[in-house]
Each structure stands twice: as C-alpha cells, then as structure tokens.
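Take a look at the structure set out below.
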Amino acid sequence: MPPSSAPPASSAIPMIKNKKGKGKQVVEIKLVPEDQRIFQGLHFYFFPNSDTHPGRRQRIIKAIEYGASWQDKFNDTVTHIIVDRDYDFEQLLKYLKLKELPLVDTSTIEFRVKGYEPPASSATIAQPIPSQASEVSLQLKPVKRKAVVLSSQVTSEASLNLVSSSAASLSNSPAPGVPDPQQVPNKDEDELDTAIRQAKESHPLASDDEDDVEGHKRRKTNNWQDKFQCMHKHTGKSGDQGPNAHTLVVLQELADHYDQIRDQWRCKSYRQAISALRKQTIKISTKEAAMRVYGIGSSIAEKIEEIVRTTHLRKLDFAKLDERQQILNRFMKIYGVGLHAAENFASAGYKTIDDLLQKAELTDNQRIGIDHYDDFNSRVPRAEVEKHAGIVKKALKGLDKNYIVNTMGSYRRGAQDSGDIDLLITKPGASIDEIRTTVMDRLVPLLTKHKFLVAALAQTSQADGTKWHGASCLPDSSTWRRIDLLLVPEEELGAALLYFTGNDIFNRSMRLLASKKGMRLNQRGLYKDVLRDYGREKLSEGTLVEGKDERKIFEALDVPWRPPEHRIC
DNA sequence: AGGCCGTACTG
DNA sequence: CAGTACG
DNA sequence: GCCT
C-alpha cells in the first residue's frame with residue numbers, strides 16, 4: 001500500500017515573519033546559489049531564539065540564506081548555537097537546563113561565548129581557524145553521549161557548535177567587550193559574516209578533518225551516512241506550500257503512476273527525488289539546478305524543467321489516457337491482486353471489476369477485496385481508527401488486563417486519516433506463544449462472534465507467526481476496514497514499534513543503513529555480525545544488538561532520534 | 001554493471 | 001516456489 | 001529512475 005499522503009506535522013523551523021503587517025507575510029529570503037550554501041545541512045539555534053531583535057533577525061535571515069535551518073527548539077539535531085553578546089555561557093546552560101554542552105571543537109577562540117572556559121587539558125587554542133574549517137567555532141559533542149556503543153562499526157556523530165554572535169544590531173559593527181578576532185578583514189562584518197566569509201574561502205562542506213589533537217579524536221558528521229533518508233527529519237509537509245509545490249504534485253503523479261505499474265525502481269527514484277525537492281527552499285526551474293540536488297538525476301531534472309515551463313508533463317498526460325494502464329490500475333487496487341494477476345485478468349479481456357466478479361477465477365481474498373473495493377480504498381478518519389482500536393483494546397483487556405494495545409502505522413505518525421488500522425499487541429513478561437494463543441484462539445474468535453471482525457485475510461500458521469490481517473466493521477456501520485494485528489513479545493517491542501510505525505521509505509532507509517554497517521534490522525531487532533553470502537544471502541542471523549528499546553536502535557545505528565511524526569519520507 | 005529492506009502469508 | 005502484502 |  002502506498003504510504004498515506006503526509007499528515008501535517010509542525011515543522012521545527014519557525015517562520016520569519018514581518019514585523020507587523022497584516023496577513024501572513026513572510027519575509028523574502030533569497031537563498032544564495034546552491035554551491036555557496038556553506039551552512040547547508042546545519043541546524044542553528046539562536047539564543048535568545050526569536051527574531052524580534054533586529055540585529056539578531058538579520059543574522060537569522062543571513063544564516064538561512066546561506067543554507068542553515070533555524071530550529072525553534074533546542075534538540076538533538078541542532079549543530080550550532082548562536083549566542084547573543086548580551087548573554088554568557090552560564091546563562092545559556094541555565095536556560096537549556098543543561099549541566100554542560102558537549103563541545104566538539106573548542107579550538108577557535110574568535111567566536112567563543114563569554115563565560116566558556118575550555119577544559120584545561122585541551123589547550124588547543126593557538127590554531128586560528130583551520131583553512132578548511134567550514135564550520136564555526138566551539139563544536140559540541142553530541143548531546144546524548146551515554147549512547148552505548150553496541151556495534152563494532154563505530155561512526156561519528158553530529159557535531160554541535162557554539163557560536164557567539166554580536167548583538168550589534170543594524171550597524172553590524174562588533175560590540176566592545178568581546179575577544180578580538182585575530183583577523184577581521186572587514187570591520188563591517190559581525191561574527192556570522194566572518195564565519196560565512198571564512199567558510200566561503202575554504203572548501204565546501206566536504207572537508208574531512210580527522211585531525212588528532214593531543215590524541216583526542218575529533219570527528220565530524222559522516223558524509224556517507226548523511227545520504228540516508230532516515231538521517232533527516234521529514235514531516236511530509238511543506239511541499240504543499242513550498243516554492244516547488246506544483247512540480248512536486250506532478251512528480252508525485254508520476255511516482256504514483258510507476259507505483260501502480262509496479263515499476264518499483266522508478267517509483268523509488270521518483271519518491272527519492274520528490275523528497276529531495278521538497279526540502280529545497282528555492283524554486284528549482286532548470287535542469288541544471290535540479291541536477292545539483294542529491295537524489296535528482298538527469299531524467300527527472302529534465303522533467304522538472306518541463307513541468308516548470310509548461311506546467312505539466314506530456315508523458316503523464318499520455319499515461320493517464322492509456323486504457324490498459326487504467327485497467328491494470330483498477331485491478332491492482334483490489335486486495336490480493338498485484339501486477340501479475342492484474343495482467344492476467346487484463347489479457348483475458350476483462351475490463352471492469354464487474355467482469356472479474358462474473359467471469360474470473362478469484363481467490364477468496366480477492367473476492368473479499370472486490371466485494372469491499374470501495375471500503376478498502378477509502379481512508380479511515382483518525383477518530384474511527386481510535387474506535388476500532390478501542391474495541392480491540394477493551395475486548396483484550398477483558399481477557400487479560402495486562403495486555404497492551406498500541407495503534408501504529410500512519411496513526412502513530414500523526415496522520416488525520418489512515419489507509420488501515422494497525423494494532424500492536426503485547427503483554428509485559430509474556431512469551432510470544434502465550435500472546436499468540438490468547439489473540440488467535442480467544443480474541444479473534446470473540447471479536448468475530450461479535451461481528452466486529454468480519455474477514456480473515458491472512459493469519460499466522462507458522463510456529464513463530466506473529467500477525468493477523470483481516471477486516472473489521474463498527475457496530476453502527478457497514479464499512480469494512482482493513483485491520484492488522486501484530487503480536488509482539490516485550491523483548492522485541494522497540495523493533496516492532498520501529499517497523500510498524502514506518503513509513504515504508506523510512507524503514508527501508510534504516511534497514512539499508514544497517515546492512516551497510518554489517519548489521520540487519522527487522523521487526524524483531526537489530527542484529528550485528530551478519531555474515532552474508534556472495535549473493536548476500538545471509539549465512540548467519542547475527543547476534544542481537546537491541547530489540548526492546550526503540551531509541552536504542554536509533555543510537556546503535558547512529559541515527560538521530562526521530563519522533564514518529566518525523567518519519568514521513 | 002549492479003544494487004536498490006527484510007520479512008510473512010497464500011495458493 | 002512466485003506473488004502479494006506489511007511498515 | 002538514481003547512485004556507486
């Protein structure tokens with residue numbers, strides 16, 4: 001099932017608003033050309049973190065123009081903190097309610113925040129600014145330092161930087177009382193300007209300085225790992241209103257088209273490109289500009305240019321008219337009918353759902369899929385998801401009050417409506433056998449008797465089976481809904497939460513990342529030391545790294561924690 | 001040129 | 001086994 | 001389709 005189209009979740013990046021003005025005017029932020037976005041991928045947190053002060057406001061705008069994101073809350077993704085001159089290090093810590101900030105790079109004194117004393121041991125001040133420094137001063141170590149290193153493939157973490165900024169307001173001249181920059185080529189620039197200039201002079205963001213300073217290893221983020229979608233926050237929103245909104249809509253149609261056609265790789269590429277384009281803060285209108293975005297290649301880049309020029313895509317118009325395609329499309333929306341079956345039906349000359357019902361040989365599941373074609377292809381409002389979940393929960397608690405039911409899928413990601421109802425069932429301390437027995441032998445029969453569960457589409461038969469797929473129907477309704485139960489022992493809860501929350505792209509990204517690290521991620525846990533065959537059939541299952549705690553799986557993979565609503569890729 | 005997630009149920 | 005499905 |  002294609003991922004539910006993005007529920008709105010609030011972006012952590014606040015809006016730059018016009019001072020007063022009526023309506024929702026937004027200041028025009030003109031991003032610098034892409035190759036000059038020296039802050040691309042960095043997340044700034046200002047202190048104070050509002051744009052009410054004109055000087056700070058200017059700095060925030062400038063930071064964004066150079067590619068930074070402005071975080072409205074201090075969180076794990078923040079890479080740099082920019083502190084106003086009026087505040088010192090202690091005030092910052094107090095406000096953030098932190099004992100300390102894990103500084104990563106304290107070697108550059110230009111921008112050191114007042115009141116910060118570097119540890120005595122690491123007296124590495126002498127270095128002005130390394131020529132290749134693309135980041136600014138006082139780097140911080142990751143916040144969650146406790147992360148146990150569970151895998152042998154230790155990688156790096158995002159570095160946090162702490163930057164002092166001038167509150168010199170509009171004049172842009174440095175205020176007194178700050179350590180003199182060792183070199184200030186231009187008196188009219190404040191610290192941020194300086195940082196921008198110095199970063200510009202240096203090489204782009206790619207510089208990989210693994211310098212050891214007195215035996216202290218220092219790392220910056222893993223560039224290769226950054227390319228995984230799971231490393232980035234996705235709310236799935238901001239496409240409806242962003243500068244590329246229309247292009248995104250058309251590309252999404254193409255992605256859907258390839259999805260329906262079951263051209264999984266093209267579909268994947270389009271979704272990848274869409275995700276990348278959605279994050280762009282400026283309108284992409286030429287092939288050249290599009291090509292520079294990671295995830296967009298020449299083919300899609302050409303299409304982007306065509307979409308912008310002509311407002312639509314000829315290829316898509318054509319595809320929409322293709323009759324056979326429409327038929328396949330129609331058939332594949334039947335539960336239990338994939339490309340293969342759809343092609344067979346179409347080749348047999350069937351054109352409508354009714355044709356199938358009357359003439360085709362159908363499996364039991366396909367028949368159910370047809371009988372409830374409209375039901376299964378309509379969205380379930382969030383409130384109704386809760387009703388279905390409530391019924392299951394109540395019935396299960398009646399059998400054993402220790403059971404826990406979690407509503408998963410797009411519901412957990414905050415969606416306002418879902419394609420189906422996903423319920424995770426567990427009981428602390430119970431074995432999977434006990435849970436399976438209770439659910440399969442007691443809960444399902446009970447709810448079936450009460451006419452809540454109305455069809456079984458796929459139910460576990462294996463000894464280690466853990467799922468039940470079927471349909472449910474509310475007492476006062478005639479609409480059948482797809483409902484999935486996942487049975488989980490407590491030890492696997494974290495991995496199951498991860499899997500069952502999705503979305504699918506996010507899961508695949510996490511799993512691919514795991515495999516690149518010699519590990520394996522599935523709905524039961526994260527495993528390491530997986531031996532793979534040449535054709536990478538796995539020879540050993542690997543040893544369990546983590547299964548119980550969702551957060552620890554992120555940590556073990558060195559992926560910053562993302563709440564469910566940020567897993568919409 | 002070859003990878004692109006890893007698993008579980010159906011028939 | 002291939003096909004379909006789940007996130 | 002895109003990326004290595």
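Order of the sequence lines fixes the chain letters, A, B, ..., with proteins taken first and strands second; residue numbering starts at 1 for each chain. Here the structure is a predicted model, which means the values were calculated and not measured.
Contacts between residues 296-310 of chain A and DNA chain C, defined by a heavy-atom separation under 4.0 Å, are absent.
As judged by a 4.0 angstrom heavy-atom cut-off over every strand, A/Leu339 is placed among residues touching the sugar-phosphate backbone only. Counting any heavy atom pair closer than 4.0 Å across all strands shown, A/Leu498 reaches no nucleic acid atom. Base engagement by A/Asn507 is indicated by at least one non-hydrogen atom pair under 4.0 Å involving a base atom. Across all strands, A/Asp422 comes closer than 4.0 Å only to sugar-phosphate atoms, never to a base (heavy-atom distances).
A donor-acceptor contact closer than 3.5 angstrom links the side chains of A/Ser299 and A/Lys303.
Residues meeting the side chain to side chain donor-acceptor pair (under 3.5 Å) test with A/His372, sequence neighbours left out: A/Asp375.
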N/O donor to acceptor pairs below 3.5 angstrom from side-chain atoms of residues 436-444 of chain A, sequence neighbours left out:
residue: A/Arg436; atom: NH1; partner: A/Ala463; partner atom: O; Å: 2.9
residue: A/Arg436; atom: NH1; partner: A/Gly465; partner atom: O; Å: 2.6
residue: A/Arg436; atom: NH2; partner: A/Asp433; partner atom: OD1; Å: 2.6
residue: A/Arg436; atom: NH2; partner: A/Ala463; partner atom: O; Å: 2.5
residue: A/Thr437; atom: OG1; partner: A/Asp433; partner atom: O; Å: 2.7
residue: A/Thr438; atom: OG1; partner: A/Tyr403; partner atom: OH; Å: 3.0
residue: A/Thr438; atom: OG1; partner: A/Glu434; partner atom: O; Å: 2.9

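Not a single donor-acceptor pair, N or O on each side, falls under 3.5 Å between the base of D/dC2 and the side chain of A/Tyr294.
Aromatic ring orientation, A/Tyr335 versus A/Phe376: perpendicular (interplanar angle above 60°, classes split at 30° and 60°).
Proximity of a side-chain donor or acceptor of A/Arg382 to a complementary backbone N or O of A/Ala415 within less than 3.5 Å is detected.
If you take atom P in D/dC3 and the same atom in B/dC5, they sit 15 Å apart, rounded to whole Å.
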